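Proteins come first, then strands; the chains are lettered A, B, ... in the order of their sequence lines, and each starts at number 1. Just so we're clear, the structure is a prediction, and the values are computed from it rather than from any experiment.
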There are 2 protein chains.
Amino acid sequence: MQNKKITVRCPATVANLVCGFDVLGMCISDPFDIMELELTDDGKIFIQETSCYCLPTDPALNAAGAPLLEILSGLNTGIGFKIKITKNIKPGSGLGSSGASAAGAVVAADHLLGNIFSKAELVRFAMAGEEAACGARISDNVTAGIFGGVTLIRSNTPLDIVPIPSPELFVTVVHPQIEVKTSYAREILKKEVLLTDAVKQWGNVAGLVAGFMKNDTGLISRSLEDVIAEPLRSKLIPGFDEVKARCMGVGVLGGGISGSGPSVFMLSKDEATAKAAEEEMKNIYNKLSLPHYTYVTTINHKGVEIIKESI
Amino acid sequence: MQNKKITVRCPATVANLVCGFDVLGMCISDPFDIMELELTDDGKIFIQETSCYCLPTDPALNAAGAPLLEILSGLNTGIGFKIKITKNIKPGSGLGSSGASAAGAVVAADHLLGNIFSKAELVRFAMAGEEAACGARISDNVTAGIFGGVTLIRSNTPLDIVPIPSPELFVTVVHPQIEVKTSYAREILKKEVLLTDAVKQWGNVAGLVAGFMKNDTGLISRSLEDVIAEPLRSKLIPGFDEVKARCMGVGVLGGGISGSGPSVFMLSKDEATAKAAEEEMKNIYNKLSLPHYTYVTTINHKGVEIIKESI
């Protein structure tokens, strides 16, 4: 008998969304990983990576494997999973590579098991994948990946997820090929911030949420300002200030660092502007002789998506 | 010839809305001041206070007079205003008493002048009233008074006002008769806050805005948490912790300090709960032998309202 098998598309995600440090996330359509998950009856998890990123295949250490271990430990059955991951989201890009694996694995597994978990439960399982890959149970990328669209983590403990309706916007992403360690990007943040800066930030976060929900691109644009992390973290990304200035110059709504970087994203109302921003990004990094990838994509309102299923 | 004259209702406002320190405000229906404004041709501003709060009648020092001085200075005409204020919102209550005078004066004056200003311009004029009364050009109360409903000040400089659609909710207010100086309530706040606390706060602010816009009372309730100002300011208000605990006990959504206090407000889904909260408040302050006023009212979506007009 053939095992039940499913293939899912696991999209990249942009954490923080400029002013929403540690609370906002956004799912985008491109890049994405492809993951195949097969239900087995040997009680084990077997991982095959078809990309060459040397990711650990020990389930406990793998972003897709660890959440499945948690799911299986609660089920008390003899079932197992065989995972095949084709990774296109580069680890360390700031585009939620481990989050995509974790989110994809739990959505696929849940579907194979007969949709027995809520999305919030899937987020909790997926956080085990972030812990395996990054050492911390961060939730913003996996939440955006599982729910799709723009998501707010109102609170981490207890976990309180708020999907934020958002308009159709275009997203331009540049991933300069440098490494920014998430742990270092967190270390350089100040443990204490000025109350006046914090007030500015929560004015902007509230404005961004209202802007998305009202479909008010002017308000979205004005709210895309980060006085907390960007002033410190942008220094780790060569060309950041120029990328931002030139993209604003061609008419993007705004943007900033994706997650803890090094990828930088910009939001636009239309595709022509998003493509013009891409050109600016390419020119700047070509001038800096810094290898880079760019993407012109959209907000992905679906999140992890099943693209193939066989008995 | 009789002068043009108008009478407006100037409602109380609740600044901060628990988690939105310095950015959120809410207009309520009760208590309110009544203000009569008469257009004159002597180029002067004459103020008459019919209440006994000994408020200054020098226009430059009066919350209603100072904004009118600013309006007149820009008009270059010989017109003046005669103001009669019946004040029911006690100065120093934390319910936006000076803001109500300032908001009422500019809305009334604008109407008498033929509606020549935008609401944002009226807010800017009204801020002169806050400066006259409180020494700072604060905008949250006057914005809520002029726009009505729930308002977000995304940014003070430049001024960026975002009206936040909100459901019909009931508001219970208790004003214990003690004095909390706004300047002191600001002084006791820390100049720096923990980044982890700031993140909690902007998660809550974003959640509260989303909750209002989605009409999700559960989310509103969970978001009404203040980890920045309340832990410090609540100590200035006798009975605060008990008021909050007992009101939560009878089923309010949540609440906290109104502005910098001493008034405390609670939001409820229905009038019965709002009245039960009022009973709890009365019992607590009676037990403490502390004179107090209470109000059971609603979110006021209209803001300053014209109630009478002649010629």
Side-chain angles (χ1 to χ4, degrees), chain A residues 16-17 19-24 139-140 150-166 186 188-216 218-229 232, chain B residues 16-17 19-24 139-140 150-166 186 188-216 218-229 232:
Chain A
N16 298 347
L17 272 183
C19 55
F21 175 72
D22 270 4
V23 305
L24 289 178
S139 56
D140 37 12
V150 174
T151 47
L152 164 70
I153 314 281
R154 189 199 59 81
S155 152
N156 248 307
T157 332
L159 186 64
D160 189 1
I161 294 162
V162 185
I164 304 294
S166 61
R186 288 197 87 89
I188 61 165
L189 296 179
K190 292 181 179 148
K191 299 265 173 302
E192 296 206 324
V193 297
L194 286 173
L195 177 58
T196 48
D197 283 342
V199 169
K200 271 188 206 167
Q201 196 87 352
W202 61 63
N204 282 321
V205 177
L208 188 59
V209 165
F212 280 132
M213 292 185 71
K214 288 179 168 213
N215 194 0
D216 179 340
L219 177 56
I220 291 171
S221 178
R222 297 193 300 279
S223 305
L224 285 169
E225 176 194 33
D226 173 11
V227 298
I228 301 288
L232 300 164
Chain B
N16 298 345
L17 271 182
C19 54
F21 175 71
D22 270 3
V23 305
L24 290 177
S139 55
D140 38 11
V150 174
T151 48
L152 163 70
I153 313 281
R154 189 200 59 84
S155 153
N156 247 308
T157 332
L159 187 64
D160 189 1
I161 294 163
V162 185
I164 304 294
S166 61
R186 288 198 88 88
I188 60 164
L189 297 179
K190 291 180 180 151
K191 298 266 173 301
E192 297 208 323
V193 297
L194 286 174
L195 177 58
T196 48
D197 283 343
V199 169
K200 270 188 207 166
Q201 196 87 352
W202 61 64
N204 281 322
V205 176
L208 188 59
V209 166
F212 280 132
M213 292 184 70
K214 289 179 168 212
N215 193 358
D216 179 339
L219 178 56
I220 291 171
S221 177
R222 298 192 300 280
S223 303
L224 286 169
E225 175 194 35
D226 173 9
V227 298
I228 301 287
L232 300 164

Quiz item: Which bit of A:L189 is near chain B, if near means a heavy-atom gap under 4.5 Å: side chain, backbone, both or neither?
Solution: side chain
Quiz item: What pairs with A:S221 under side-chain contact (heavy atoms from CB on, under 4.5 Å), at least two apart in sequence or on another chain?
Solution: A:L253
Self-check item: Rounded distance (nearest 0.5 Å) linking atom CZ of B:R186 with atom CG of A:L195
Solution: 8.0 Å
Self-check item: Most chain B-contacting option - heavy-atom pairs closer than 4.5 Å, from A:V23, A:V205, A:V209, A:V193
Solution: A:V193
Quiz prompt | Residue pair B:K214 / A:P165, side-chain heavy-atom distance below 4.5 Å | solution = yes
Self-check item: Interchain contact, A:P163 with chain B, by part (heavy-atom threshold 4.5 Å)
Solution: both
Practice problem: Please name all residues satisfying side chain to side chain donor-acceptor pair (under 3.5 Å) with B:D160, sequence neighbours left out, ordered by chain then number. | Solution: A:R222, B:R154
Self-check item: chain B contact via A:S223 - side chain, backbone, both or neither, heavy atoms under 4.5 Å
Solution: both
Exercise. Heavy-atom distances under 4.5 Å only: say whether A:I228 touches chain B with side chain, backbone, both or neither.
Key: side chain
Quiz prompt | Proximity breakdown for A:L152 and chain B, heavy-atom pairs closer than 4.5 Å | solution = side chain
Quiz item: Hey, which of A:D22, A:V162, A:I164 has the most heavy atom pairs under 4.5 Å with chain B?
Solution: A:V162
Quiz item: When rounded to the nearest 0.5 angstrom, what is the spacing between CD in A:E192 and NZ in B:K190?
Solution: 8.0 Å
Practice problem: Check B:W202 against A:F21 and note the closest heavy-atom contact, atom names and distance. | Solution: NE1-O, 3.0 Å
